[in-house]
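Remember, it's 1-based here, ligands and their atoms both numbered in the order they're listed.
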Amino acid sequence: MRISIGCDHGGIGLKGELVTLLQEMGHEVDDKGCFAAESVDYPDFAKAVCAQVQNGECERGILICGTGVGMSMVANRFNGIRAGLCNELFTARMSREHNDANVLCLGARVVGPGLAAEIVRAWVTTEFAGGRHQRRIAMF
Ligand code: RB5
């Protein structure tokens, strides 16, 4: 699958690890930055990733900031984007199974790299269950 990824300065270290993980899993990753440790504004990167998911260039997106909160607030303002802030495994699985989340938001200052990797593995591999959940996501 083609996955767009972006972060602010708070998520840059974790982004690098997740890009490697996703590539090892066989995915194609489009890295929209940031690429340096200087302070940047997370909305710029959320917009770049969400645009790629909206226009179909990428099937899914992953956004990382300090908490994941800012990224998720921005991402959910885009039509067609269903972003879930998932800093633990259960929510990551459910955000796919029940909500068909197409953007995953992570807090690099909340989760360690090991947990983040498990969250990404679960989120990327869990299928949407459809059925009554399809009706619900069609309501917004
Ligand atoms: C940056 O310091 C921090 O505010 C940002 O990474 C994020 O946590 C915002 O939601």
Side-chain angles (χ1 to χ4, degrees):
M1 152 188 339
R2 191 167 163 85
I3 299 172
S4 180
I5 194 164
C7 69
D8 71 357
H9 52 285
I12 192 161
L14 182 57
K15 175 166 68 69
E17 297 196 25
L18 296 179
V19 167
T20 302
L21 170 73
L22 290 163
Q23 287 169 340
E24 283 171 0
M25 289 172 75
H27 300 290
E28 199 180 332
V29 182
D30 198 336
D31 188 346
K32 304 306 283 181
C34 63
F35 300 107
E38 287 90 54
S39 182
V40 291
D41 300 324
Y42 58 83
D44 287 334
F45 303 92
K47 287 176 188 173
V49 166
C50 290
Q52 285 201 303
V53 176
Q54 275 185 318
N55 69 23
E57 268 180 84
C58 292
E59 200 173 320
R60 307 255 196 102
I62 296 178
L63 289 167
I64 310 152
C65 62
T67 58
V69 172
M71 288 294 200
S72 61
M73 286 179 169
V74 178
N76 278 310
R77 299 185 68 117
F78 288 83
N79 283 337
I81 297 298
R82 293 176 300 279
L85 170 53
C86 306
N87 283 326
E88 36 76 27
L89 268 171
F90 180 73
T91 309
R93 285 200 198 94
M94 289 301 108
S95 77
R96 287 288 313 132
E97 206 174 303
H98 286 194
N99 312 108
D100 197 18
N102 51 13
V103 172
L104 167 67
C105 300
L106 285 165
R109 296 174 182 155
V110 181
V111 295
L115 177 56
E118 288 312 304
I119 289 169
V120 166
R121 276 183 197 283
W123 188 79
V124 166
T125 56
T126 302
E127 296 296 326
F128 178 46
R132 68 187 187 280
H133 304 296
Q134 179 60 54
R135 182 181 74 243
R136 290 166 184 162
I137 67 168
M139 292 171 73
F140 64 92

Report the C-alpha separation of Phe45 and Lys15 in whole Å, then their side-chain angles, then the decisive distance to 0.1 Å, and conclude whether the side chain to side chain contact (heavy atoms under 4.5 Å, CB included) test is met. CA-CA 12 Å; Phe45 303 92; Lys15 175 166 68 69; over 6 Å; no
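Protein heavy atom at the shortest distance from atom 8 (O) of ligand 1 is Thr67 N, 3.0 Å. Looking only at protein heavy atoms, the nearest one to atom 2 (O) of ligand 1 is Arg109 NH1, 3.3 Å. Of the protein's non-hydrogen atoms, His9 NE2, 3.6 Å is the one closest to atom 1 (C) of ligand 1. The closest protein non-hydrogen atom to atom 10 (O) of ligand 1 is Gly70 N, 2.9 Å.
Residue contact annotation: Gly66 has a non-hydrogen atom under 4.0 Å from ligand 1. Note on ligand 1: Met73 sits outside its first shell, no heavy atom being nearer than 4.0 Å.
Atom CZ of Arg136 is surrounded by more than 12 heavy atoms from other residues, nucleotides or ligands within 6.0 Å.
Protein non-hydrogen atoms do not reach within 4.0 Å of atom 4 (O) of ligand 1.
Within ligand 1, the atoms closer than 4.0 Å to a non-hydrogen atom of Asp8 are 1 (C), 5 (C), 6 (O), numbered from 1 in the order shown. Using a 4.0 Å cut-off to heavy atoms of Tyr42, the atoms of ligand 1 that qualify are 9 (C).
Checking each of Ile3, Leu22, Val49, Val19 against Asp31 for a side chain to side chain contact (heavy atoms under 4.5 Å, CB included) leaves exactly one that passes, namely Val19.
Classification of Glu59 and Arg2 as a salt-bridged pair fails, no side-chain N sitting under 4.0 Å from a carboxylate O.
Under a hydrophobic-cluster definition in which Ile, Leu, Val, Met, Phe, Trp and Tyr are linked whenever side-chain heavy atoms come within less than 4.5 Å, directly or via other members, Leu21 and Leu104 are assigned to the same cluster. No path of Ile, Leu, Val, Met, Phe, Trp and Tyr side chains, each step under 4.5 Å between heavy atoms, connects Leu85 with Ile81, placing them in separate hydrophobic clusters.
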